[in-house]
Amino acid sequence: MAALADPDFALHPGIDAAALTIAYRATGRISIEPFLTETAAAALRDHLVARKDWMLVMNAGEKVYEMPRTAAAALTADQRATLDRKIGESALHDFQYRYESIRVADDPGVRGATLLERFAAFLSSPQVIELLRGVTGAPVEFADAQATAYGPGHFLTRHDDDVEGKGRHAAYVLGLTPGWRAEWGGLLLFHRGERDIDHGFAPAFNALRLFAVPAVHSVSHVWPYVPEPRLSVTGWLRSHAATARP
């Protein structure tokens with residue numbers, strides 16, 4: 001899978017906007033696969049693999065905690081066991097998450113010029129916004145972004161992404177992990193009621209999973225022995241003002 005060192009991002013020419021629109025309006029979720037040209041997707045993946053500034057993010061109730069990857073790796077066995085126990089106990093009944101992230105500022109004026117930040121800008125370009133507006137039927141004005149890596153023991157419990165004042169119309173996950181097996185976990189799951197799963201997406205390379213907000217969903221627990229993290233770029237399609245959804 002050859003990658004350009006510094007690619008120009010472009011949508012894959014095989015995207016069928018009309019078919020995607022029909023599917024999204026019927027179910028509220030689709031997979032656009034492939035989403036980018038192969039060289040651009042491969043370069044973005046290579047960039048994220050090489051990054052050293054990943055932060056472990058986790059919560060305790062409403063409080064969010066971040067820890068550099070190097071600091072997380074330096075925890076003693078006892079410290080790690082205590083952290084695992086507290087997070088696991090909370091996840092049984094409450095909203096809980098643990099994964100790694102590289103955040104991209106919402107304000108383009110304070111971003112740098114990394115490949116991740118350039119991809120975030122591409123998602124808000126006129127070409128992409130026109131496609132996503134047409135598919136979703138929502139007044140999307142821009143996309144925010146963060147890179148995420150779900151390694152062993154990482155997960156995200158059920159929630160619906162509906163935060164007042166954020167202007168979120170849809171959520172997206174651009175998968176950047178080839179060869180992932182569904183039984184390794186890290187599945188994007190859509191819930192029906194309290195106990196059932198309505199649909200799920202396994203991680204895949206260069207596949208953009210797009211779904212309407214609100215939708216109750218989770219990311220399943222990642223197996224301890226996965227050969228690499230589940231890499232993706234995720235975020236929301238938003239309006240600057242919290243406009244009503246169609």
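Using modelled atom types, no side-chain atom of Ser31 and backbone atom of Glu33 make a donor-acceptor pair closer than 3.5 Å. No donor-acceptor distance shorter than 3.5 angstrom exists from the side chain of Arg45 to the backbone of Phe205, with no hydrogens or angles considered. At least one donor-acceptor pair closer than 3.5 Å links the side chain of Glu117 to the backbone N or O of Thr114. Between the Thr234 side chain and the Val173 main chain, no donor and acceptor come within less than 3.5 Å of each other. Of the possible polar contacts, none joining the Thr177 side chain to the Ala204 backbone as a donor-acceptor pair under 3.5 Å is found. Without hydrogens or angle criteria, Thr27 side chain to Ala23 main chain gives a donor-acceptor distance under 3.5 Å. A donor-acceptor contact shorter than 3.5 Å is absent between the side chain of Arg158 and the backbone of Phe95. With hydrogens and angles ignored, the 3.5 Å screen pairs no side-chain donor or acceptor of Thr37 with any backbone N or O of His12. A donor-acceptor contact shorter than 3.5 Å is absent between the side chain of Ser239 and the backbone of Glu141. Checking side-chain atoms of Arg133 against main-chain N and O of Val140 turns up a donor-acceptor pair under 3.5 Å.
The closest side-chain heavy-atom distance from Asp162 to Arg168 is not below 4.5 Å. Residues Arg209 and Ser232 have side chains not in contact (no heavy-atom distance under 4.5 Å, counting atoms from C-beta outward). Contact check for Val128 versus Phe122: side-chain heavy atoms found under the 4.5 Å cut-off. Contact check for Phe201 versus Phe190: side-chain heavy atoms found under the 4.5 Å cut-off. The shortest distance between side-chain heavy atoms of Leu237 and Phe142 does not fall below 4.5 Å. Using a 4.5 Å heavy-atom cutoff, the side chains of Leu210 and Thr136 are in contact. Put simply, the side chain of Asp198 reaches to within 4.5 Å of the side chain of Arg29, judged on heavy atoms. Side-chain contact between His199 and Arg192 is absent, with no heavy-atom pair separated by less than 4.5 Å.
Smallest separation of non-hydrogen atoms from Arg69 and Ala149: NH2-CB, 4.5 Å. Minimum interatomic distance between Asp161 and Ala171 (heavy atoms only, all atoms of both residues): OD2-CB, 3.7 Å. Taking every heavy atom of both residues into account, Ser124 and Ala143 meet most closely at OG-N, 2.9 Å. Nearest heavy-atom pair, Ala17 versus Val135, reported as atom, atom and distance to 0.1 Å: O-CG2, 4.2 Å. Considering all non-hydrogen atoms of both residues, Ala212 and Ala215 come closest at O-CB, 3.3 Å. For the pair Ala170 and Tyr24, the tightest heavy-atom approach, listed with the atom from each and the gap, is CB-OH, 3.7 Å.
Both Val219 and Val64 belong to a single network of hydrophobic side chains, linked directly or stepwise wherever heavy atoms of I, L, V, M, F, W or Y lie under 4.5 Å apart. The cluster map of Ile, Leu, Val, Met, Phe, Trp and Tyr, joined by side-chain heavy atoms under 4.5 Å apart, puts Val222 and Leu187 in different clusters. In the hydrophobic clustering of ILVMFWY residues, with side-chain heavy atoms under 4.5 Å counting as a link, Phe9 and Leu174 come out together. By the rule that hydrophobic residues join a cluster once side-chain heavy atoms approach within less than 4.5 Å of another member, Ile30 and Leu11 end up as members of one cluster. Under a hydrophobic-cluster definition in which Ile, Leu, Val, Met, Phe, Trp and Tyr are linked whenever side-chain heavy atoms come within less than 4.5 Å, directly or via other members, Tyr99 and Ile87 are assigned to different clusters.
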Any chance you could lay out the salt bridge (charged side-chain N to carboxylate O under 4.0 Å, His left out) test for Arg230 and Glu100, step after step, and finish with the verdict? CA-CA 10 Å; Arg230 168 200 187 265; Glu100 291 183 315; over 6 Å; no
Met67/Leu75 under side chain to side chain contact (heavy atoms under 4.5 Å, CB included): CA gap, chis, key distance, verdict: CA-CA 11 Å; Met67 182 184 300; Leu75 293 175; 4.3 Å; yes
Given the rule in the side chain to side chain contact (heavy atoms under 4.5 Å, CB included) test, do Leu36 and Phe119 qualify, once you have shown the distances and angles that lead to the verdict? CA-CA 10 Å; Leu36 299 172; Phe119 175 69; 3.8 Å; yes
Please lay out, stage by stage, how Thr157 and Gln96 fare under the test side-chain hydrogen bond (donor to acceptor under 3.5 Å, both in side chains). CA-CA 6 Å; Thr157 62; Gln96 184 68 52; over 6 Å; no
Side chain to side chain contact (heavy atoms under 4.5 Å, CB included) between Leu176 and Asn206, intermediate numbers included: CA-CA 6 Å; Leu176 292 168; Asn206 197 17; 5.6 Å; no
Check step by step if side chain to side chain contact (heavy atoms under 4.5 Å, CB included) holds for Trp236 and Val213. CA-CA 9 Å; Trp236 293 275; Val213 172; 4.1 Å; yes
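Distance check, rounded to the nearest 0.5 Å: CG of Leu189 to OG of Ser218 gives 4.5 Å. To the nearest 0.5 Å, atom CG of residue Asn59 and atom OG of residue Ser90 are 6.5 Å apart. To the nearest 0.5 Å, atoms CG (Leu20) and CZ (Arg25) are separated by 11.5 Å. Of the inter-residue distances, the one linking Thr148 atom OG1 with Ile102 atom CD1 reads 10.0 Å to the nearest 0.5 angstrom. Leu208 contributes atom CG, which lies 8.5 Å from atom CD1 of Ile15 (distance to the nearest 0.5 angstrom). We find the NE2-NZ distance between His169 and Lys166 to be 13.5 Å, quoted to the nearest 0.5 Å.
Between His159 and His217, the distance separating the two ring centers is shorter than 6.0 angstrom.
Using a 4.0 Å cut-off between charged side-chain N and carboxylate O, Glu66 and Arg103 make a salt bridge. Between Asp144 and Arg238 there is a salt bridge, with a side-chain nitrogen of the basic residue lying less than 4.0 Å from a carboxylate oxygen of the acidic one. The pair Asp106-Arg111 fails the salt-bridge criterion, with no side-chain N (NZ, NE, NH1 or NH2) lying under 4.0 Å from an Asp/Glu carboxylate O. Classification of Arg51 and Asp46 as a salt-bridged pair fails, no side-chain N sitting under 4.0 Å from a carboxylate O.
Other residues, nucleotides and ligands contribute at most 12 non-hydrogen atoms within 6.0 Å of the CD atom of Glu194. Within a 6.0 Å radius of CD in Glu228, other residues, nucleotides and ligands contribute more than 12 heavy atoms. Atom CZ of Arg181 has 12 or fewer neighbouring heavy atoms from other residues, nucleotides or ligands inside a 6.0 Å radius.
Taking the six-membered ring where the residue is Trp, His221 and Phe155 present parallel rings, their angle staying beneath 30° rather than reaching 60°. Note: Trp180 and Trp184 have perpendicular aromatic rings, judged against thresholds of 30 and 60 degrees for the angle between ring planes.
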